[in-house]
Each structure stands twice: as structure tokens, then as C-alpha cells.
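Computed from a prediction, not measured in an experiment: that's the story for all the values here. For reference, positions follow the sequence shown, starting with 1.
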Amino acid sequence: MISNVYSKSYIQASQPAKAQSRVILLGRLLPLLRREAASATSRGTEVQSIFMATTMDLISAYIFGIQNSTNFLEDKAYRDHWLRLYLSRHHHHFWPQEMPTLTSLCAKFGIRLYPSFVDSANAELRDWNKELCDKTREFISATPAATLPEDEPVVFKAIHAGIDKEERTEG
């Protein structure tokens, strides 16, 4: 349904992807790195979170359009909170992902195969993701044709076009 918008040739020719990359790399990342380099009190730059922020901003912009995407590069508190949630689950995804039936069965007997904070983090991330989807759906309804290429929610539109096509053909 969406594999075509992730093909190398599609992304390389995509005006929205180019515009989104320009906004994020030139408008957010480079100014952040300049500020870090110019900071007299800086004890160094923690690049892992900056690179993760850049990646997430690029991915979410391609999915939801720049207007509805994340902005982790410019909002450090938001970035740090999200990374804590995301990374807290890192070592605990095996059971619910690979063995969901066994995990569910054990839970019915009061046996937890992973820490409970993972469920809380997953719930918050799920709500956050739904909020991004809802914002994008509202944006598309309010502005059917994106006025700027960077506002184009490429993946979101492809998913909905695929769902609409399936509904028409399969009911």
C-alpha cells in the first residue's frame, strides 16, 4: 500500500521530501549546531540525541508533513522526554512483540514478563502517535491541497489512498 512512497527513486524525486529536508537540515539542524559550536560554556555536544531528533523529524515530516511533524531539534525538553519513553522500552520489546499470546496468558495468571513501565510508555507513545494522525487528518480536511511542498503528508496520504482503494474494490 505504501511501499512505492518509500522507494529510493520516489524519495529522490519527491519535492515534499526535498522541501522537508531543507527545513529540517538547513532551518533546524545547522542553526542548532552553530549555537552549540559558538557556546562558550559548552562542555561538548551530545550528538546522539541530536541525530535521533533529526531522524525522527525527517521521518515524521515525510509521514505527516512538516506542519504536523515533530520538532525535536528545536524543543529539547520534548526530545528528552520522548527519548526517555522510547529508550525505556528498548530492552523489553521481545515478549509482547514476539510472544504476544504467551505474554497475555502469563498476565492472566499475574506473571509479568517485562516491567509495567513499558506498558505506560507504550500507552503514552500510542496516544502521541494518534494525536499526530488526528492533527494530520484535520489539516488535510482544512487544506485539501497543501500550499507548501513541505506540508505534504506523503505517507499519510498514501495510506489513506490505499485504504480507500481497498474499500472500493473489496467493500
Residue pair Asp80 / Lys76, side-chain heavy-atom distance below 4.5 Å = yes

query = Quick one: are Val154 and Ile63 in side-chain contact, heavy atoms under 4.5 Å?
reply = no

message = Can you confirm whether Asp57 sits close enough to Val23 that some side-chain heavy atom of one is under 4.5 Å from a side-chain heavy atom of the other?
response = no

ask   = Are any of the side-chain nitrogens in Lys157 or Asp164 under 4.0 Å away from the carboxylate oxygens of its partner?
value = no

query = Quick one: is the NZ or CZ of Arg137 closer than 6.0 Å to the six-membered ring centre of Phe139, and within 45° of its axis?
reply = no

Asn4 backbone acceptor or donor facing Ser7 side chain under 3.5 Å = yes

Of all pairs that satisfy side chain to side chain donor-acceptor pair (under 3.5 Å), the ones with a partner from residues 84-98, not counting sequence neighbours = Arg89-Asn122

ask   = Can you name the ring-ring contact (aromatic ring centres under 6.0 Å, His included) partners of His160, sequence neighbours left out?
value = Phe156

ask   = Looking at CZ of Phe64 and CG of Leu132, how far apart are the two atoms once the value is rounded to the nearest 0.5 Å?
value = 4.5 Å

query = Using 4.0 Å as the upper bound for N to carboxylate O, is an ion pair formed by Asp75 and Arg79?
reply = no

Rounded distance [0.5 Å steps], CD in Gln20 versus CG in Asp151 = 8.5 Å

query = In Å and rounded to the nearest 0.5 Å, what is the OG to CZ distance from Ser60 to Phe72?
reply = 7.0 Å

request  = Before accepting this row, confirm whether a basic side-chain N of the pair Glu150/Arg22 lies closer than 4.0 Å to the acidic partner's carboxylate O.
outcome  = no

task = Can you see which heavy atom on Ser49 is nearest to which on Leu83, and at what distance?
result = CB-CD1, 3.6 Å

request  = Could you tell me whether the side chain of Leu30 reaches within less than 4.5 Å of the side chain of Leu25, counting heavy atoms only?
outcome  = no

ask   = Does the distance from a Lys or Arg side-chain N to an Asp or Glu carboxylate O, for Lys130 and Asp127, drop under 4.0 Å?
value = no

message = Just checking Tyr6: does its OH atom have more than 12 heavy atoms from other residues, nucleotides or ligands closer to it than 6.0 angstrom?
response = yes

All side chain to side chain contact (heavy atoms under 4.5 Å, CB included) counterparts of Glu74, not counting sequence neighbours = Arg28, Asn71

note = So CG of Leu125 and CG of Leu85: to nearest 0.5 Å the spacing works out to 5.0 Å

inquiry  = Using 0.5 Å steps for rounding, measure from the CG atom of Asn68 to the SG atom of Cys133.
reply    = 10.0 Å

query = Between Ile11 and Ala17, what is the shortest heavy-atom contact and its length?
reply = O-CB, 4.0 Å

inquiry  = Is there a path of hydrophobic side-chain contacts, each under 4.5 Å between heavy atoms of I/L/V/M/F/W/Y residues, joining Leu87 to Phe117?
reply    = no

message = Using a 6.0 Å cut-off, check whether atom NZ of Lys18 has over 12 heavy atoms from anything other than its own residue.
response = yes

query = From Leu148 CG over to Thr143 OG1, what is the distance, rounded to the nearest 0.5 angstrom?
reply = 10.0 Å

